[in-house]
Every structure is written in C-alpha cells, then in structure tokens.
Amino acid sequence: EAPPPKKNPLRPILFLASMAFVFFTKALGGSYMKSSITQIERRFEIPSSLIGVIDGSFEIGNLLVVAFVSYFGAKLHRPRLIGIGCLIMAAGCFLIAMPHFFQGPYKYETSVSHSRDVNSTESIQPCLSNHTITDSFPPLACEKATGSSMWIYVFLGNILRGIGETPIMPLGVSYLDDFSRQENTPLYLACINAVGLLGPMFGFMIGSFLAKTYVDIGFVDLDSITINYKDSRWVGAWWLGFIVTGTVTLLSSIPFWFLPKSLPKQGEDQSPSKSTELATVAEQENFLPEENQEHEEKEEPATFKEMARDFIPSLKRLFKNSIYVLMILTYLVTVNGFIGLITFKPKFMEQIYGQSASKSIFLIGKEKQCNMGCSCSVKHWDPVCAENGMTYASPCLAGCQTSTGNSKEMVFQNCTCTGEVMSPGMNMSAVLGQCPRKSDCDHKFKIYMALSVVGSFISASGGMPGYIVLLRSIHQDLKSLALGMQTLIVRTLGGIPPPIYFGALIDRTCLKWGRNQCGGRGACRFYDADAFSFIYVAHSSSTTLTKVLNNKQIDIIKSN
C-alpha cells in the first residue's frame, strides 16, 4: 500500500497557481484562434463553412481521447498527464503556424500591376480597348496557391490542441476537489477561472494587433503593398500569434512535473467543528443519490484490466443520476448556440461595423455603357472608392482611363462610370480601397459592445452554481469520468456542428467571391450585411432565451 502523501503547505499553492496559469494559456490560445479565423480564411482562400470544420477540429481532438483520459487518467498521475497535455497543445500551436513557412509570400488578388518604380512616370491605364485578363496559372503556382491543401496543417494542429486540452478540466478539477475542503472548492475554482478570464482579453488583444501587421512582415518590402488592414484582401500576421501562444503553453507545463500524484486532504489532521461536519454531510446528502452513497467505501480497481472491466458499470451508475443528466442537457443547449456566435463574432463585427451596413453603395459592376470598351473581368476584386462615395470592384469597372502616383498613393483619373452618379463639383477620380463606413457605425458599435458585456455577465452568473451542483451530484470515484463525459457529449453535439452549419449560412450571404491563384473560388470579399446581421441576430436571440431558461432550471434544482 502506498504511503500517504507528505504534507507540504506550498504544494497546494503551487497547484492552484499552475492551474490558474494553464487556464489562462488555454483561454489565450482558444481566443486567439477565434480572432484569427478571418485571417486564416483569407490566407488559404477557403469558405466560412470549411473554416467551421477547422474550428470544430478542436472538439474532434477532445472527442478522440476524453473518455479514456477522464476514466483511466483519474487512476494515474494526474498532474503529469496535465503537463503532457500542455506539451501536446504547444505542439499543436506550432504545427498551425508551419504553413506560413512553406507557402511563400502572400499574393493578393489584383486587376492591375502596382509594382512600379517610385521614380517612374509611366501611367497605368486600367481601361484599354485591348485589355485582357489572364485566367490560367502554371502548375507550380497552383501548387503553392493560397487556396491549396496547406490548411490541413491548421486542421491537424487544432486537433492536437484539442487532445492536449482534454486532461486539464476533468483531471485538474477532480485533483483540486480531492484535496480541498468542500467549502473551499467554489472559492478555488472562482480564483482559477478569474485568472483564466484574462486569457481571452490578451488573446483578442494580440489578435487585433497582429491583424494590422502584414502577414509577410520581415520577408517583403512593405512599401510595395498597395492594400491596408481595412481591405478585405488583407491578411495579418496570424502565424506569429500561434508561435507566441505555443511558447506560453509550453512554459505552463513545467510546474506540473513537480507535483505529487495526490495531496493530503485539507484539515484531515484536525478535528472538524460540529457545524462544518454537519454542513458537509447535509450538502452531500442533498445532491448525492442513495445509489452512489452505497459505493462510498468501495475500493478502487488496482490493475488496468480491472479498471477496464469497471468502465461500463461506472457509466451506468453515472447516467442513472438524473441531476447529472439534466445538467448535461442544459450545457449542451447553451454551448450549441454559444460556439457558433463566438466563432464568427470577429467577422460579424468587421462586416457590420467595419464598413457600411448598406449594400446600396457597393457596385460589383458589369453589361454597362461607360466601361463597354474596357474588356473588364468581373472576377477580379481590386476595389476603388470614387469621389461620389461609391465602391467599384476594380478600376477597370469604374471606367478609369489613367492613373497618377504609385503604391498606396495611386489615384485613378477620368473614371467614366463615376460620372453617372456624381454631384456638381465632383471630379471623376477614384482611390484604392473601399469607401469608408457610415459615420454612425462607431456609435452603434459601442452600443453593441455594451450590450455584449451585459449579456456575458448575465450568462456567466449561473456558471459557477451550476458547476458546483454538477460536482456535488456525483460520487468521488466518478468525478473525473463525469467531467470527461460532460466534455465528450457537450463538445461532440454542441461544439462541432454549430461552426459548420453557421459558416454555411454565412457563405449564403456572400455578394462577391474572391478567387485563388488557380482561378478557383476563394474567400468571400464582401457580404450582404443585412442578411448576415439577420442570421447572426436570430441565432443570438435564440441562444439568449435558452440561457435564461437554463439559469431558471439551476434555480429550481437549488431550491429543491
């Protein structure tokens, strides 16, 4: 029989600090992944539905190992398993960043050549009678195109992140609950989660900063780039963030290698007060079914074979617990709505508040008299903003005859199509990029963010009570398995499908598709913001109603 663990007052503190740090790092990596969704979509020229599959691969990674880790991991060295999980998460982050070093420089879609010598006086003429567009590309260029299969590295890396994250929740929380007093567990969990909440804040801050940093920074001359971060073809340095998050995750694994297999129960060498003892017994009796109490003194299986044989009976015991089943269903419905919203929230904010919400000021351009002799391709996306406030898909479709300046300062002159909707005193010129958003978008965005904060606060208010109900409703030897099965069910049914079907719905609102270097369909360049907003808000409303009902269910459980 193994000797009881030696008492060391610093070890519980080390574990709590380590858990808080690992919660921070996993939230940091997860939020950064969400903030990079748009950049990854543009870099690999893939639709939102495929982005949903990539995002859901994290849940697939969880699904592959969660049942095994939760049940067998509880019998093994839990801190070291968490440390191994952190190493796997770090490897996943580094794998996600790898395609950047294999693909070569990013070549964004454009209809005219902007790479002119600064001292050159040559004028680019977008509209020429013999203007033709080359739609074919050499095989080698197609092989390394932005829409190539390199996104598979991101998919596999995200699966590794999901596998590595698996032991943290079930094994970490059960380890904590085993050594802490029952009245201290909610406090410890609250402190750990409070530190973890800093992860999304830093994750989105890093995502915001790198989204404004060009993808090939350090590899290309930035003066030759004619687009800015507001352009729908812009790709930020998404890969750099995964190197940062991978390094931080790697560091978070170190403390877990110095923790023992178990820690002594707090206060077990002291005589508990009568009130504390009665409170503990009463709390356990309120939540723990009689069937589970019968197994309180049951010996844990000693061998792997016995553990495997006990797996199915343990599952049966677990799912006979009606409170546990109800909590699982509650989490399932909530997560199903939440995941779809959070995955595409950056895209929603960009499309609705980052540009005009009305498609009436956008002209894709085509069968028009003003550019009839230009032989323009309607496939290209190289938007220009005319003096009249209209955005045209390319200088050619705007009927522009000449240009002055170079790089980002290029101005197109004599744009014949702009004269159709001009006011007196305007000239027929256009500049690179889409026209700026409406003046009231900033005000509406602030209102949206304020409502988001309020909604998040209300949603989170029922999180910790529900979690404590879940912990107290199950027997100690089933704790890790219960948390693992919760993760398995919720992430399988609530985490994988929503990004896929939500992404497919978003793709249906696309007004202008880009094209990759092989001439095929790439990422969406411009959405019907009204349709996008309707889909997103309708989904958000149903999720909010579900959360209100779920919080009410928790109140009923606690009152009973």
Side-chain angles (χ1 to χ4, degrees), residues 8-36 58 61-62 66 69-70 73-74 76-94 96-97 157-158 160-180 184-207 209 240-263 266 460 463-464 467 471 480 483-484 487:
N8 186 333
L10 295 180
R11 281 178 172 173
I13 297 175
L14 174 62
F15 177 76
L16 291 174
S18 303
M19 277 295 287
F21 187 36
V22 82
F23 265 57
F24 168 81
T25 56
K26 77 184 186 73
L28 175 72
S31 58
Y32 181 74
M33 183 69 187
K34 300 293 184 187
S35 70
S36 303
F58 181 87
N62 264 265
V66 65
V69 169
S70 302
L76 304 175
H77 200 298
R78 287 175 286 183
R80 289 181 184 173
L81 286 178
I82 295 174
I84 292 172
C86 292
L87 294 178
I88 296 174
M89 275 200 297
C93 290
F94 295 139
I96 291 174
N158 213 28
L160 283 182
R161 285 185 60 246
I163 292 174
E165 194 260 359
T166 305
I168 295 174
M169 199 63 154
L171 302 187
V173 173
S174 64
Y175 187 88
L176 167 65
D177 198 47
D178 284 349
F179 79 76
S180 68
N184 290 342
T185 300
L187 174 63
Y188 293 154
L189 286 176
C191 293
I192 290 172
N193 280 282
V195 176
L197 287 175
L198 297 176
M201 181 179 74
F202 282 94
F204 283 112
M205 285 175 60
I206 295 173
F209 173 76
L240 192 55
F242 286 106
I243 293 178
V244 172
T245 56
T247 303
V248 175
T249 305
L250 193 62
L251 294 175
S252 71
S253 71
I254 297 175
F256 291 99
W257 300 99
F258 299 96
L259 287 165
K261 184 176 180 180
S262 62
L263 290 173
Q266 289 179 341
M464 192 54 65
Y467 206 74
L471 283 175
S480 294
L483 294 174
T487 303

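Every heavy atom of this structure was used, including side-chain atoms; hydrogens, water molecules and symmetry mates were not. What you see is a predicted model; the values in this text were computed from it and never measured.
- Ile82 has its side chain out of reach of Leu259: every pair of non-hydrogen atoms, C-beta onward, lies at least 4.5 Å apart.
- Here OG1 of Thr245 is found 10.0 Å from CE of Met89. Values are rounded to the nearest 0.5 Å.
- Figure legend: Lys26 and Phe23 shown as a cation-pi pair, the cationic atom lying under 6.0 angstrom from the six-membered ring centre and within 45 degrees of its axis.
- Note that CG of Leu16 is 10.0 Å distant from CG of Asn184, once rounded to the nearest 0.5 Å.
- Taking the six-membered ring where tryptophan is involved, the planes of Phe24 and Phe21 are essentially parallel, since the angle between them stays under 30° and well short of 60°.
- A distance of 8.5 Å separates CG in Leu87 from OG in Ser252, rounded to the nearest 0.5 Å.
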Legend entry - side chain to side chain contact (heavy atoms under 4.5 Å, CB included) evaluation trace for Ile96 with Arg161: CA-CA 10 Å; Ile96 291 174; Arg161 285 185 60 246; 3.8 Å; yes
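- With a 6.0 Å radius and a threshold of 12 heavy atoms from other residues, nucleotides or ligands, Phe204 has its CZ atom above the threshold.
- The shortest side-chain heavy-atom distance between Cys86 and Val22 falls under the 4.5 Å cut-off.
- Of the inter-residue distances, the one linking Leu160 atom CG with Glu165 atom CD reads 13.0 Å to the nearest 0.5 angstrom.
- Between the side chain of Thr166 and the main chain of Gly162, a donor-acceptor pair closer than 3.5 Å is present.
- Atom-to-atom distance recorded for Leu198:CG and Asn193:CG is 11.5 Å, nearest 0.5 angstrom.
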Inset, instruction - Test side chain to side chain contact (heavy atoms under 4.5 Å, CB included) on Ser36 and Phe242 and set out the steps. - result: CA-CA 10 Å; Ser36 303; Phe242 286 106; 4.3 Å; yes
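- At least one donor-acceptor pair under 3.5 Å links the side chain of Ser31 to the backbone N or O of Leu28.
- In plain terms, the two heavy atoms of Leu176 and Phe15 that are nearest each other are CB-CE2, 3.8 Å.
- For the pair Pro167 and Leu81, the tightest heavy-atom approach, listed with the atom from each and the gap, is CG-O, 3.7 Å.
- In terms of heavy atoms, Gly246 sits closest to Phe94 at C-CZ, 3.6 Å.
- Closest approach of Gly196 and Pro200 over heavy atoms only: O-CD, 3.2 Å.
- A pairwise comparison of heavy atoms in Ala97 and Ile243 identifies CB-CG1, 4.0 Å as the closest pair.
- Residue Phe256 comes nearest to Met19 through the heavy atom pair CZ-N, 4.0 Å, listed as atom of the first residue, atom of the second, then distance.
- Note that the CG atom of Leu76 and the NZ atom of Lys261 stand 6.5 Å from one another [nearest 0.5 Å].
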